[in-house]
Amino acid sequence: MGQYVNPGNDSFASAILYSQIYVDKTGMLEYLNQVINSEQRYVCVSRPRRFGKSITARMIAAYYSRGCDSAELFGGCKIASAEDFRQHLNQYCVIQLDIAELKITMPKCEDFVQYLQKCVIDELRDIYPEIVTQTASSLPLTLAELNAKTGDRFVIIIDEWDMIFREENYNKKSQDDYINLLRGLFKGEKSQRFMNLAYLTGILPIKRYNNESALNNFKEYTMTSPKRLAEYVGFTQEEVMNLCEKYHMDFNEAQRWYDGYGFKSLTHIYCPNSVTNAMLDGEYHNYWTGTVAYESLKYYITIDKDGLKSAIIRLLAGERCRVNVATFENDMTKINSADDVLTVLIHLGYLGYDSQNEVAYIPNEEVRKAFAGAVEGTDWSPVIEAIRASDRLLQATWDRDSDAVAAGIEESHMANASILKYNDENSLRYVVRLAYYHAMNEYIIIDEMPSGKGYADLMFIPRPLSDKPAMVVELKYNKSAEGAIAQIKKQRYMKSLEGYKGRILLVGVNYHKDDCDKNHTCIIEEYHK
């Protein structure tokens, strides 16, 4: 058992035996067992930090590695019920690399690619002393020679595989040397002979050159397209419900705080690290807080790209923004458009992605707070003030103070006009949602909700256990707030709230588009059933 070659199962055993919370994701091994030794044996899974990449890599090593006996460790897990469980258990020579760890341990002035190869070759020499010579320096050639002389084939697992591209993003030589090493390991005829399974995991998908993946023989599972591995991106709804029941936590709050990463095949995925911490702490909290998270997010949202600031404000307001994820080259140094920035934020977990409608969105309360914290560190003073004033606007609405509500929306609208195009027909809706930013703590907010004979512009539905009134909001241009209220009643927008037993406020807002004063008016009525 070595550090890099056949590393054993101690690291993964600690997660199962000694962690207070372990959610069984060994079902993923069933998929890997299907592709091992096949043409589909090259697998790359990318997902954000805090989403369990490293524990998955350790799980794969513990299952396949000859360096241990993992029958008892996996005996109570889902994979144990698979027909081929024993067939693949601890049957392979495994090479497991953690690029982040190697970077930390590497001596100063050492070449990283050479150091990586040396670490592995030194251990291979201990196992195959008669074959691996003292002069061996190329890992791909060494593996090819071992295969030719012994017939041995390998499982190679690389965690944080993309760290070189993220942290040495302007060191072209280091990147080129590294990608050439990966090509030597995973592409070509010799690789085909010595490779049983290749598993890469990191934050970014594989870097592209001239619109083609640098390792185009890999099947990729990403935050924009996790395909059949969607349930292994994070915790599923059923898994979170079970944890909430066990730890006596409110599931609805868990959903509000940490849900939101939906995919075609699975509409509810939760951030594992955040859910685990919340269960153990006994309270819901923003576990993305910290200087690094805020500074990273602030850096990306303030990149000078056309349309980006408007898109971020719309996202803050709870809107969904169309994004073309195909333009990004999976390279942090080549961000050429607002679409590229939004795609990076999807891969980093700061945005969710709806692949069917090709839109990005802020997924949950935790990330929304991270965005608010990042915006506080920018020069976007009108946006910051709108967020800060949100509590006052909400209270004024609940108090039915129409003048204060009209003044608050008008102030936000005028302050953010240059960003959102003041006279655009959608801008008032964005501004109203931004002005009611903190309403997302109390409400589920739905745009153009089908109700009665038409569509309410905005429907504020109280969250479970909230004691706040429901609100139906209708927006008008160059008409009247009275007309907005009349439309709510005529079209019976309250019909969707028939089962709701609390108070309902009808809110009509009008913006006089051609008025030189750009006057906003508001009427608030309480609806009586």
List for me each residue that meets ring-ring contact (aromatic ring centres under 6.0 Å, His included) alongside Tyr443, sequence neighbours excluded, and say none if there are none. Phe460
With Tyr221 via ring-ring contact (aromatic ring centres under 6.0 Å, His included) - residues at least two apart: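 In terms of ring-ring contact (aromatic ring centres under 6.0 Å, His included), with neighbours along the sequence ignored, Tyr221 is linked to Tyr31.
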Check: [X] side chain, [Y] main-chain N or O, donor-acceptor pair, under 3.5 Å:
{"X": "Tyr500", "Y": "Ala470", "result": "yes"}
{"X": "Arg320", "Y": "Tyr353", "result": "no"}
{"X": "Ser480", "Y": "Gly483", "result": "yes"}
{"X": "Asn364", "Y": "Gly260", "result": "no"}
{"X": "Glu410", "Y": "Asn519", "result": "no"}
{"X": "Thr378", "Y": "Val375", "result": "yes"}
{"X": "Lys489", "Y": "Tyr527", "result": "no"}
{"X": "Asp162", "Y": "Gly202", "result": "no"}
{"X": "Arg47", "Y": "Tyr232", "result": "yes"}
{"X": "Tyr247", "Y": "Asp281", "result": "no"}

Just verifying a value: how many Å separate [X] [atom1] and [Y] [atom2], rounded to the nearest 0.5 Å?
{"X": "Met471", "Y": "Ile524", "atom1": "CE", "atom2": "CD1", "value": "8.5 Å"}
{"X": "Cys522", "Y": "Asn510", "atom1": "SG", "atom2": "CG", "value": "10.5 Å"}
{"X": "Glu239", "Y": "Cys244", "atom1": "CD", "atom2": "SG", "value": "12.0 Å"}
{"X": "Leu342", "Y": "Ile312", "atom1": "CG", "atom2": "CD1", "value": "5.5 Å"}
{"X": "Met163", "Y": "Leu204", "atom1": "CE", "atom2": "CG", "value": "12.5 Å"}
{"X": "Arg388", "Y": "Ser381", "atom1": "CZ", "atom2": "OG", "value": "9.5 Å"}

Centre-to-centre under 6.0 Å for Tyr261 and Phe51, is that the case here? yes
Taking the six-membered ring for Trp, is the centroid-to-centroid distance between Tyr258 and Tyr270 below 6.0 Å? no
Can you tell if the side chain of [X] reaches within under 4.5 Å of the side chain of [Y], non-hydrogen atoms only?
{"X": "Arg392", "Y": "Gln395", "answer": "no"}
{"X": "Met28", "Y": "Glu231", "answer": "no"}
{"X": "Lys219", "Y": "Arg41", "answer": "no"}
{"X": "Tyr42", "Y": "Leu200", "answer": "no"}
{"X": "Asn330", "Y": "Thr343", "answer": "no"}
{"X": "Leu351", "Y": "Tyr361", "answer": "no"}
{"X": "Val275", "Y": "Asn273", "answer": "no"}
{"X": "Ile206", "Y": "Trp161", "answer": "yes"}

Go through Tyr493 and Gln487 one step at a time and tell me if the side chain to side chain donor-acceptor pair (under 3.5 Å) criterion holds. CA-CA 8 Å; Tyr493 290 160; Gln487 181 171 323; 2.9 Å; yes
If I compare all heavy atoms of [X] with all of [Y], which pair ends up nearest, and what's the gap?
{"X": "Arg463", "Y": "Asn441", "result": "CD-O, 3.7 Å"}
{"X": "Val323", "Y": "Asp339", "result": "CA-OD1, 3.5 Å"}
{"X": "Lys476", "Y": "Ala484", "result": "CG-CB, 3.7 Å"}
{"X": "Thr276", "Y": "Ile21", "result": "O-CD1, 3.9 Å"}
{"X": "Pro48", "Y": "Met223", "result": "CD-SD, 3.5 Å"}
{"X": "Asp24", "Y": "Thr26", "result": "OD1-OG1, 2.7 Å"}

Mind running ring-ring contact (aromatic ring centres under 6.0 Å, His included) on Phe218 and Phe186 for me, showing each step along the way? CA-CA 9 Å; Phe218 272 77; Phe186 304 126; 5.3 Å; yes
More than 12 heavy atoms from other groups under 6.0 Å of [atom1] on [X]:
{"X": "Lys479", "atom1": "NZ", "answer": "no"}
{"X": "Glu411", "atom1": "CD", "answer": "no"}
{"X": "Lys227", "atom1": "NZ", "answer": "yes"}
{"X": "Glu526", "atom1": "CD", "answer": "yes"}

Check against side chain to side chain donor-acceptor pair (under 3.5 Å), Glu474 and Gln491: CA-CA 11 Å; Glu474 182 67 20; Gln491 301 293 352; over 6 Å; no
Could you please spell out the steps behind the side chain to side chain donor-acceptor pair (under 3.5 Å) verdict for Tyr63 and Asn33? CA-CA 11 Å; Tyr63 178 71; Asn33 285 345; 3.1 Å; yes
Using distance alone, with no hydrogens and no angle criterion, decide if Gln34 and Gln40 have a side-chain donor and acceptor under 3.5 Å apart.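 Their side chains do not contain a donor-acceptor pair, so the 3.5 Å distance test is not met.
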Go through the steps for Asp457 and Val472 under the test side chain to side chain contact (heavy atoms under 4.5 Å, CB included), then give the verdict. CA-CA 8 Å; Asp457 279 338; Val472 182; over 6 Å; no
Could you walk me through whether Lys187 and Asn216 pass the side chain to side chain donor-acceptor pair (under 3.5 Å) test, one step at a time? CA-CA 9 Å; Lys187 295 200 69 170; Asn216 58 9; 2.7 Å; yes
Under the criterion salt bridge (charged side-chain N to carboxylate O under 4.0 Å, His left out), I'd like the reasoning laid out for Glu376 against Lys298: C-alpha separation, chi angles, the key distance, then a yes or no. CA-CA 9 Å; Glu376 284 281 351; Lys298 183 174 73 172; over 6 Å; no
Run the numbers on His285 and Tyr287 for ring-ring contact (aromatic ring centres under 6.0 Å, His included), then give the verdict. CA-CA 6 Å; His285 181 68; Tyr287 293 98; 5.3 Å; yes
Side chain to side chain contact (heavy atoms under 4.5 Å, CB included), that's the test. Do Glu525 and Leu505 meet it? Break it down for me. CA-CA 6 Å; Glu525 292 185 4; Leu505 297 180; over 6 Å; no
Taking the six-membered ring of Tyr437, is the NZ or CZ of Arg368 close enough (under 6.0 Å from the centre) and on axis enough (within 45°)?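 Pair Arg368/Tyr437 counts as cation-pi.
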Between Glu366 and Lys369, does the salt bridge (charged side-chain N to carboxylate O under 4.0 Å, His left out) criterion hold? Intermediate values first, please. CA-CA 5 Å; Glu366 181 178 44; Lys369 286 187 178 296; over 6 Å; no
Please determine whether salt bridge (charged side-chain N to carboxylate O under 4.0 Å, His left out) holds for the pair Lys468 and Glu442, giving the CA-CA distance in whole Å, both sets of side-chain angles, and the decisive distance to 0.1 Å. CA-CA 7 Å; Lys468 306 305 180 186; Glu442 297 284 349; 5.2 Å; no
